[in-house]
Amino acid sequence: MGDIIKSFPVRSASAEKPRLLKFYFDTGSPRTFIKQSATNGMRGLAKLPDPKTFHGLGNGHFKAGFMASIEIRLLGIWVPHLCYVLPDEILDPDYDILLGHDFVQIYDIQINPRQKDILIRKNALRMALKVRKS
């Protein structure tokens, strides 16, 4: 199979200058995590009332003390997502964000591990961003 790492522009506010970050697509992770260093200068950080403990990533456990509200530019559309902020040493040095299946499902992103690629559809992004009235 193989690792899928892609780069996309990221910001935490519309007035913020986007930065290019590397995303590791991890369909086995239920959550999305961002390195603390990747959030430097971002405005969209919120301190958690109590650190959240997670298990995994080499059968270890780790804690997140902050959440980051970010926007990722996919096919020209800024899509929002919440990430848990982790100390840099928890994640691999080859990427900035471990993208879990929470993001993949929301935006209906298709993963092709054999070809080390992803499929993003503009219509799926737009549909995920719509608020529907009942």
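Residues take their numbers from the sequence shown, with the count starting at 1.
Taking the side chain to side chain contact (heavy atoms under 4.5 Å, CB included) definition, one finds that P18 meets it with P9, W78, sequence neighbours left out. Partners of I106 under the side chain to side chain contact (heavy atoms under 4.5 Å, CB included) rule, at least two apart in sequence or in another chain, are H81, A128. A search for ring pair (Phe, Tyr, Trp, His ring centres under 6.0 Å) contacts involving F54 returns F33, F62, Y84, not counting sequence neighbours. Looking at residues two or more places apart in sequence or on another chain, you find no side-chain hydrogen bond (donor to acceptor under 3.5 Å, both in side chains) involving Q105. For K22, the side chain to side chain contact (heavy atoms under 4.5 Å, CB included) criterion is met by I5, S7, Y95, D96, not counting sequence neighbours. In this structure S37 satisfies the side chain to side chain contact (heavy atoms under 4.5 Å, CB included) test together with K35, N40, D88, sequence neighbours excluded.
Note that K6 lies outside the cation-pi zone of F23, set by a 6.0 Å cut-off to the ring centre and a 45° limit from the axis.
Side-chain atoms of I97 and Y24, non-hydrogen and from C-beta on, never get closer than 4.5 Å to each other. Counting heavy atoms from C-beta outward, L98 and S29 have side chains that approach closer than 4.5 Å. Side-chain contact between R43 and E16 is present, with at least one heavy-atom pair separated by less than 4.5 Å. Side-chain contact check for K116 versus D3: every heavy-atom pair is 4.5 Å or farther apart. Residues I4 and D117 have side chains not in contact (no heavy-atom distance under 4.5 Å, counting atoms from C-beta outward). Side-chain atoms of M42 and I70, non-hydrogen and from C-beta on, do get closer than 4.5 Å to each other. Taking 4.5 Å as the limit, some side-chain heavy atom of H101 sits within range of a side-chain heavy atom of P30. With a 4.5 Å cut-off on side-chain heavy atoms, L86 and I34 do not count as touching.
Between atom CG of residue L74 and atom CG of residue L125 there is a gap of 5.5 Å, rounded to the nearest 0.5 Å. Rounding to the nearest 0.5 Å places CG of L75 at 11.5 Å from CG of N123.
Listed here is the closest heavy atom pair of F25 and V104: CD2-CG2, 4.4 Å. Nearest heavy-atom pair, T39 versus A68, reported as atom, atom and distance to 0.1 Å: CG2-CB, 4.3 Å.
Side-chain contact annotation: D108 with Q110, donor-acceptor N/O pair under 3.5 Å present.
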